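Predicted model, so just to flag it, every value in this text is computed and none were measured.
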Amino acid sequence: MNTRTDPQLLEPQNMTVNGTQNLSHLSNAHLDALEEETIFILREVAAAFERPALLFSGGKDSLVMLKCAEKAFGAGRIPYPLLMIDTGHNFPEVTDFRDFRAQELGAELIVRNVEDSMKRGTVRLAHPGESRNVHQSVTLLEAIEEFRFDALIGGARRDEEKARAKERIFSHRDSFGQWQPKAQRPELWTLFNTRLAPGEHFRVFPISNWTELDVWQYIDREQIALPSLYYTHQRPVVDRRGLLVPVTELTPAKDGEEVQLRDVRFRTVGDITCTCPVESTAATPADIVIETLAADVSERGATRMDDKTSDASMEKRKKDGYF
């Protein structure tokens with residue numbers, strides 16, 4: 001199903017009448033403090049490290065972070081490149097928007113592909129249908145070695161998942177790219193220990209303290225354009241273990257499954273083979289703010305097949321070098 005849209009046509013629409021009424025008493029004053037903290041961290045990275053990069057997927061969290069970076073440094077003046085690890089199975093609407101936004105800002109964009117790691121033999125799939133998502137860690141570590149990055153800025157938030165909730169804003173990684181949850185450095189009074197030994201690096205998460213609701217309120221306030229997948233659209237899906245799996249060439253329906261055309265949107269976007277939409281008719285950021293207020297499952301819990309394998313699946317991947 002081809003739903004490609006010109007990125008220039010994806011500006012969020014004005015609030016609906018109902019949306020305005022329902023949000024009339026919802027304060028967003030706290031967004032100023034969150035934005036200020038994020039800008040401070042982005043500037044701190046530029047000052048403390050020699051070769052940082054900003055992980056940029058074209059998703060909502062990285063677009064919020066990029067907006068803060070634009071405010072911190074100005075368009076065309078972001079002092080570090082944007083880096084994406086592409087599995088080759090990403091939604092085309094998202095990668096198209098990634099390219100558009102980087103070009104619009106005049107930022108350097110570096111893309112490294114899991115497929116190239118497969119050709120080198122550093123990534124080997126257990127079977128042709130295996131998701132490449134977890135194997136991004138290998139390609140990411142190869143990119144770190146290639147460009148000698150000493151800090152990678154990511155858009156992870158603590159409310160997304162338990163392992164991410166345990167991680168510091170400045171997350172130290174050893175020479176193997178591994179995270180040691182029991183050996184994290186204290187962060188008192190926003191004083192960050194950025195000391196590195198040769199071969200080590202940091203993962204930095206400037207929007208750690210934001211929630212999904214904060215992100216959508218900020219998108220609404222700042223009128224940040226997003227890929228069309230984030231808003232309601234019709235898509236063929238199958239209900240599989242409580243998740244709405246999109247029916248694509250990479251994720252076909254299984255025998256006995258009923259394909260349904262549903263109104264859906266994506267709360268998070270990633271590799272097609274492990275990312276699911278949720279049923280929704282929300283067409284604007286204001287609509288999504290209202291839906292998020294009522295949500296009782298985190299966005300990863302509601303949409304990511306790769307997090308359903310075990311309660312510790314994310315923590316294990318982060319120890320192995322995952323984002």
In terms of side-chain geometry, is the basic nitrogen of Arg235 or Glu279 positioned less than 4.0 Å from the acidic oxygen of its partner? no
Show your reasoning for whether side-chain contact (heavy atoms from CB on, under 4.5 Å) applies to Val64 and Ile219. CA-CA 7 Å; Val64 163; Ile219 289 168; 3.8 Å; yes
Crowded around Glu146 CD? As in, over 12 foreign heavy atoms under 6.0 Å? yes
Do the side chains of Asp150 and Pro52 get nearer than 4.5 Å, heavy atoms only? yes
Close aromatic pair by centroid cut-off 6.0 Å: Phe149 and His201: no
Test side chain to side chain donor-acceptor pair (under 3.5 Å) on Thr281 and Thr232; report intermediate values, then the result. CA-CA 5 Å; Thr281 57; Thr232 186; 5.8 Å; no
Run the salt-bridge test on Arg98 and Glu93 with the 4.0 Å N-O cut-off and return the result as yes or no. no
Is the shortest heavy-atom distance from the side chain of Ile110 to the side chain of Arg112 under 4.5 Å? yes
Under the criterion ring-ring contact (aromatic ring centres under 6.0 Å, His included), I'd like the reasoning laid out for Phe205 against Phe170: C-alpha separation, chi angles, the key distance, then a yes or no. CA-CA 7 Å; Phe205 306 108; Phe170 278 64; 9.5 Å; no
What pairs with Glu115 under side-chain contact (heavy atoms from CB on, under 4.5 Å), at least two apart in sequence or on another chain? Arg132
Does Phe73 share a hydrophobic cluster with Ile41, counting links as ILVMFWY side-chain heavy atoms below 4.5 Å and allowing steps through other members? yes
If every non-hydrogen atom of Gly155 is compared with every non-hydrogen atom of Met65, which pair is closest and at what distance? N-CE, 3.7 Å
Side-chain contact, heavy-atom cut-off 4.5 Å: Phe91 with Thr275? yes
So does Glu36 have more than 12 non-hydrogen atoms from other groups sitting under 6.0 Å from CD? no
Whether over 12 other heavy atoms sit under 6.0 Å from Glu130 CD: yes
Is there a side chain to side chain donor-acceptor pair (under 3.5 Å) between Thr273 and Asp271? Walk through the geometry before answering. CA-CA 5 Å; Thr273 62; Asp271 189 288; 2.4 Å; yes
Is atom CZ of Arg51 surrounded by more than 12 heavy atoms (other residues, nucleotides or ligands) closer than 6.0 Å? yes
Using the rule salt bridge (charged side-chain N to carboxylate O under 4.0 Å, His left out), only one of Arg173, Arg203, Arg157 pairs with Glu167; which is it? Arg173
Going by heavy atoms in the side chains, are Leu196 and Phe49 under 4.5 Å from each other? yes
His30 vs Asp214, side chain to side chain donor-acceptor pair (under 3.5 Å): CA-CA, chis, key distance, verdict: CA-CA 9 Å; His30 66 292; Asp214 296 330; 2.7 Å; yes
Passes side-chain contact (heavy atoms from CB on, under 4.5 Å), Ile290 versus Leu26? Steps please. CA-CA 10 Å; Ile290 295 168; Leu26 182 63; over 6 Å; no
Please assess Asp32 against Arg221 for the test salt bridge (Lys or Arg N to Asp or Glu O under 4.0 Å), listing each intermediate value before the final yes or no. CA-CA 11 Å; Asp32 291 332; Arg221 189 184 81 170; 2.8 Å; yes
For Glu257, look at atom CD and say whether over 12 heavy atoms of other residues, nucleotides or ligands are found less than 6.0 Å away. yes
Determine whether Gln136 and Thr87 satisfy the following criterion, side chain to side chain donor-acceptor pair (under 3.5 Å), listing intermediate values before the conclusion. CA-CA 7 Å; Gln136 291 179 92; Thr87 65; 5.9 Å; no
Look at Arg148 together with Glu50 and state whether they make a salt bridge at an N to O cut-off of under 4.0 Å. no
Student check: side-chain heavy atoms of Pro206 and Phe40 closer than 4.5 Å: no
